[in-house]
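Note: hydrogens, waters and symmetry copies are ignored here, and every other heavy atom, side chains too, is used. Position 1 is the first residue of the sequence, and the numbers go up from there.
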Amino acid sequence: MQLIERSAFGWPESAAPLQATTLGVKVHYEGTKVSTSLIDNHDACIAEWQNIRASHLANPTENWSDVAYNYAACPHGFLLEGRGLGRRTGANGNQELNRNHYAVVGLVGDSGLTEPTPAMLDAIRDGIDLLQQNGAGTDIKGHRDGFATSCPGEPLEAWVQLGAPRPHDHPTPPTGFEPFPGAAFFQIGRHSDVITRMGVRLVEVGCSHYKVGPGPDWGPADRESYAAWQRLKGFEGSDADGIPGRKTWDLLGVPTG
């Protein structure tokens with residue numbers, strides 16, 4: 001577990017009501033657009049979490065005493081403390097629902113960054129397990145279970161309905177190689193040294209469609225080159241569309257910077 005406690009954000013002890021036990025945990029998402037910059041910038045994840053708390057404290061309608069969630073999970077697998085252990089959530093819709101379940105939010109939204117990374121799912125599961133070891137019951141539900149909302153979004157709700165399993169079927173790349181940043185990372189406008197290093201590897205394995213470069217800006221040559229790599233590894237059709245997936249990414253072996 002990669003836990004960042006609230007004191008690291010400069011936050012005082014939570015003023016949320018004490019509550020030692022619940023029926024379980026509910027999973028949430030942000031429900032707004034979340035920038036895809038979170039995928040390759042952990043500092044952006046921290047800023048996102050701090051901004052969520054600031055917006056909650058500034059909401060006169062809800063009159064929250066703290067950020068509404070007990071914990072948040074970021075795309076890099078970090079569990080970010082909110083209200084923490086033994087505190088009633090403010091996120092589930094009404095006081096009865098808040099008394100029934102604690103709350104963990106994944107830093108994904110309804111547009112932009114919408115797909116949780118395997119590392120995020122692991123971190124959400126870390127939060128669930130931590131809460132269950134400290135007073136939460138066995139329930140694992142989505143926010144929409146018992147409340148009229150689209151939260152936690154289709155990807156997280158589907159995962160919850162499976163029992164919130166850890167994504168152990170996604171192997172971790174060996175030390176020294178770039179972890180898969182998620183398919184949403186690869187879009188026009190993305191500027192990252194990761195893309196340069198990916199392009200260099202594609203050239204090395206003979207899958208280059210570059211006339212200039214490779215460089216840090218994702219573009220058609222990157223997609224064409226990656227599609228050639230996917231075909232080389234036996235993928236066809238929509239599975240060879242040039243957007244990296246975890247399996248071919250790990251096989252490519254993009255070195256860390």
Side-chain angles (χ1 to χ4, degrees), residues 1-32 34 45-46 48-75 77-110 116 120-153 155-157 159-161 163-164:
M1 180 189 306
Q2 300 182 96
L3 174 64
I4 302 179
E5 297 180 347
R6 61 184 286 124
S7 59
F9 311 126
W11 299 349
E13 183 178 356
S14 179
L18 294 169
Q19 182 168 336
T21 62
T22 65
L23 298 176
V25 181
K26 281 194 171 180
V27 174
H28 295 249
Y29 77 160
E30 292 192 48
T32 57
V34 176
C45 299
I46 301 301
E48 183 83 1
W49 186 225
Q50 291 173 319
N51 289 339
I52 290 171
R53 182 174 186 265
S55 69
H56 285 188
L57 290 176
N59 187 323
T61 301
E62 297 292 349
N63 195 30
W64 278 305
S65 59
D66 196 0
V67 64
Y69 310 102
N70 296 91
Y71 292 97
C74 86
F78 287 88
L79 185 66
L80 312 176
E81 186 177 28
R83 297 189 177 201
L85 299 175
R87 300 282 180 173
R88 185 180 305 160
T89 182
N92 291 335
N94 60 48
Q95 288 303 314
E96 179 182 3
L97 295 173
N98 290 338
R99 284 190 294 269
N100 286 344
H101 294 87
Y102 296 126
V104 178
V105 61
L107 297 185
V108 290
D110 57 9
M120 180 184 290
L121 296 180
D122 259 334
I124 296 174
R125 186 71 220 203
D126 285 340
I128 292 170
D129 289 351
L130 181 60
L131 288 163
Q132 288 181 336
Q133 292 161 10
N134 291 275
T138 58
D139 278 1
I140 302 175
K141 296 184 176 183
H143 183 194
R144 68 176 65 174
D145 300 322
F147 188 75
T149 176
S150 61
C151 182
L156 280 177
E157 180 67 18
W159 177 69
V160 166
Q161 292 301 317

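Considering CD of Glu157 and SG of Cys151, their distance stands at 9.0 Å, rounded to 0.5 Å. Separating the OG1 atom in Thr89 from the CG atom in Leu97 is a distance of 10.5 Å, to the nearest 0.5 Å. With rounding to the nearest 0.5 Å, the separation of CD1 in Ile140 from CZ in Arg125 is 4.0 Å. Remark: Tyr102 OH to Leu23 CG distance equals 10.5 Å, nearest 0.5 Å. Interatomic distance, CD of Gln19 versus OG1 of Thr21, reported as 6.0 Å (0.5 Å rounding). Note that CD1 of Ile128 and NZ of Lys26 are 13.0 Å apart. Values are rounded to the nearest 0.5 Å.
Note on ring orientation: taking the six-membered ring where Trp is involved, the planes of Tyr69 and His28 are perpendicular (angle over 60°, cut-offs 30° and 60°). Using cut-offs of 30° and 60° on the angle between ring planes, the pair Trp11 and Phe9 is tilted.
Proximity of Leu3 to Tyr71: side-chain heavy atoms (C-beta onward) are separated by under 4.5 Å at one or more points. Residues Leu131 and Leu85 form a side-chain contact, since some pair of their non-hydrogen atoms from C-beta on lies under 4.5 Å apart. Within the 4.5 Å cutoff, the side chain of Asn92 has no heavy atoms near those of the Arg99 side chain. Between Leu121 and Leu156 there is a side-chain heavy-atom pair separated by less than 4.5 Å.
For the residue pair Thr22 and Gly24, the shortest heavy atom distance occurs at OG1-O, 2.8 Å. Of all non-hydrogen atoms in Asn59 and Glu62, the two that sit nearest each other are OD1-N, 3.0 Å. Summarising the geometry of Ile124 relative to Ala73, their closest heavy-atom pair is CG1-CB, 3.4 Å, with the distance given to 0.1 Å. Between Ser65 and Pro17, the shortest heavy-atom distance links the atoms OG-CD, 4.2 Å. Smallest separation of non-hydrogen atoms from Ser14 and Ala16: OG-N, 3.1 Å. Residue Ala72 comes nearest to Leu107 through the heavy atom pair CB-CD2, 4.2 Å, listed as atom of the first residue, atom of the second, then distance.
Each of Arg53, Arg83, Arg87 was compared with Asp66 under the side-chain hydrogen bond (donor to acceptor under 3.5 Å, both in side chains) criterion, and only Arg53 meets it.
Not a single donor-acceptor pair under 3.5 Å links the side chain of Asp126 to the backbone N or O of Leu79. Under the 3.5 Å distance criterion, the side-chain polar atoms of Asp139 are left unmatched by any main-chain donor or acceptor of Val25. In this structure a side-chain-to-backbone donor-acceptor pair under 3.5 Å is present from Trp49 to Glu81.
The environment of CD in Gln161 is crowded: more than 12 heavy-atom neighbours from other residues, nucleotides or ligands sit within 6.0 Å.
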